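The next block holds one structure in the form of structure tokens; read it before the comments.
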Amino acid sequence: VYRRGKQCPAKFVDEARSAILSGDLDKFAGLALNEKGFFASICRAMVTNFKTSTVEDIRVRAESEAMRQISVLRTPLKGLNFIASVAPLLGLLGTVLGMIACFDSLSDDAASTAQSQAMAGGIKVALLTTAAGLTVAVPSLFTFFIFNQKLTLIIAHCEGLAAEFVQELAHLKHRITEAESRRAGGGTG
């Protein structure tokens with residue numbers, strides 16, 4: 001999921017850019033419809049109601065779709081972040097329960113050897129649960145960091161491309177408007 005080639009394929013970007021520059025809006029729309037991923041979704045939003053849209057409308061739709069897609073892409077990361085946050089707390093809970101078992105063994109009127117064994121058992125529970133919590137939390141946090149960084153780079157790349165495409169679509173819209181004005185002006189004279 002967090003690969004640039006999946007969310008913003010270079011071939012799609014090149015073909016879409018070429019379609020815009022050549023003024024072939026239908027080809028651009030078709031490419032966007034047939035491609036999956038973050039950037040293709042933004043492109044689909046750009047061409048929705050293109051003829052009746054202002055450049056600002058196109059920009060707003062692209063930004064809205066980008067935010068929606070970013071939210072979708074961040075969902076698995078939220079799960080990793082949750083695991084990385086909760087695992088140490090579960091380890092801490094085990095530590096507290098183990099310490100409670102230790103102190104409970106001291107309150108009994110048992111022999112000192114039995115007290116020592118009960119305390120050792122409580123300390124063992126405390127250490128094992130702490131270790132288990134950290135064993136889950138550290139790799140989860142590391143994985144979260146890596147994937148979050150990859151997603152941040154993909155988002156930055158796609159935002160730059162989206163701004164470029166909106167600008168090119170603005171030029172295309174301007175050219176279409178000028179051509180229609182010339183045709184309308186030429187037909188009345």
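Quick caveat, the model's predicted, so the values are computed rather than measured.
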Backbone of Asp14 reached by a side-chain donor or acceptor of Ser18 within 3.5 Å:
no
Under 3.5 Å, side chain of Lys173 to main-chain N/O of Lys51, donor-acceptor pair present?
yes
Among residues two or more places apart or on two chains, list those pairs meeting salt bridge (Lys or Arg N to Asp or Glu O under 4.0 Å) that have a residue in residues 150-171.
Arg17-Glu164
Given side chain to side chain contact (heavy atoms under 4.5 Å, CB included), test Thr129 with Leu90 step by step and report yes or no.
CA-CA 7 Å; Thr129 56; Leu90 291 175; over 6 Å; no
Do Leu128 and Val96 belong together in a cluster built from hydrophobic side chains that touch within less than 4.5 Å?
no
Check step by step if side chain to side chain donor-acceptor pair (under 3.5 Å) holds for Ser41 and Arg44.
CA-CA 5 Å; Ser41 296; Arg44 284 190 294 275; 2.9 Å; yes
I need the Ser85 OG to Asn81 CG distance, nearest 0.5 Å.
4.5 Å
Under 3.5 Å donor-acceptor, Asp24 side chain and Lys27 backbone
yes
Which is it for Asp57 and Val60 under the side chain to side chain contact (heavy atoms under 4.5 Å, CB included) test, yes or no, and what are the steps along the way?
CA-CA 5 Å; Asp57 293 337; Val60 167; 5.9 Å; no
Please evaluate residues Val138 and Phe142 with respect to the criterion side chain to side chain contact (heavy atoms under 4.5 Å, CB included), reporting the C-alpha separation (whole Å), side-chain torsions for both, the decisive distance (0.1 Å), and the verdict.
CA-CA 6 Å; Val138 171; Phe142 182 71; 5.5 Å; no
Give a yes or no on whether the backbone of Ala84 and the side-chain of Ser140 come within a donor-acceptor separation of less than 3.5 Å.
no
Return the CD to CE distance between Glu63 and Met46, rounded to the nearest 0.5 Å.
10.0 Å
Any donor-acceptor pair under 3.5 Å linking the side chain of Asn148 with the backbone of Phe144?
no
Given a cutoff of under 4.5 Å between side-chain heavy atoms of I, L, V, M, F, W and Y, with clusters grown through shared members, what are the other residues clustered with Val136?
Ile83
Where the side chain of Ser71 meets the backbone of Met67, is there a donor-acceptor pair that is under 3.5 Å apart?
no
List the atom of Val1, the atom of Gln7, and the distance in Å for their closest heavy-atom pair.
O-NE2, 3.0 Å
Taking atom CZ of Arg3 as the centre, does the number of heavy atoms from other residues, nucleotides or ligands within less than 6.0 Å exceed 12?
no
For Ala179, all residues meeting side-chain contact (heavy atoms from CB on, under 4.5 Å), sequence neighbours excluded
Arg182, Arg183
Any donor-acceptor N/O pair, Tyr2 side chain to Leu73 backbone, under 3.5 Å:
yes
Shared-cluster residues of Leu127, by chain and number - hydrophobic side chains joined below 4.5 Å
Ile123
Is the side chain of Glu15 donor-acceptor paired with the backbone N or O of Leu31 at a distance under 3.5 Å, no angle test?
no
Straight-line distance of Leu151 CG to Arg74 CZ, nearest 0.5 Å:
5.0 Å
Let me check something: do Phe50 and Val55 share a hydrophobic cluster, defined by ILVMFWY side-chain heavy atoms less than 4.5 Å apart, either directly or through other members?
yes
Of all heavy-atom pairs linking Ala62 and Ile42, the shortest is CB-CG2, 3.8 Å
How many angstroms lie between atom SG of Cys8 and atom CD of Glu35, to the nearest 0.5 angstrom?
9.5 Å
Taking atom CD1 of Ile176 and atom CG of Leu25, what is their separation to the nearest 0.5 Å?
6.0 Å
Using every non-hydrogen atom in the two residues, find where Val72 and Pro76 come nearest and quote the distance to one decimal.
O-CD, 3.7 Å
Arg59 side chain to Ala163 main-chain N or O, any donor-acceptor pair under 3.5 Å?
no
Kindly compute the distance separating OG1 (Thr152) from CD1 (Ile70), expressed to the nearest 0.5 Å.
9.0 Å
For the pair Arg61 (side chain) and Thr48 (backbone), establish whether a donor and an acceptor sit closer than 3.5 Å, ignoring hydrogens and angles.
yes
List in chain and number order the residues that pass ring-ring contact (aromatic ring centres under 6.0 Å, His included) with Phe39, two or more places apart in sequence or in another chain; answer none if no residue qualifies.
Phe165
Determine, stepwise, if the pair Arg175 / Glu178 fulfils salt bridge (Lys or Arg N to Asp or Glu O under 4.0 Å).
CA-CA 5 Å; Arg175 288 192 312 254; Glu178 281 182 348; over 6 Å; no
Do Ile58 and Leu161 sit in one hydrophobic cluster, given that two such residues count as connected whenever their side-chain heavy atoms are within less than 4.5 Å of each other, even indirectly?
yes
Where is the tightest heavy-atom contact between Ala126 and Met99, given as atom of each residue plus distance?
CB-SD, 4.3 Å
Restricting to side-chain contact (heavy atoms from CB on, under 4.5 Å), what partner residues turn up for Thr75, sequence neighbours left out?
none
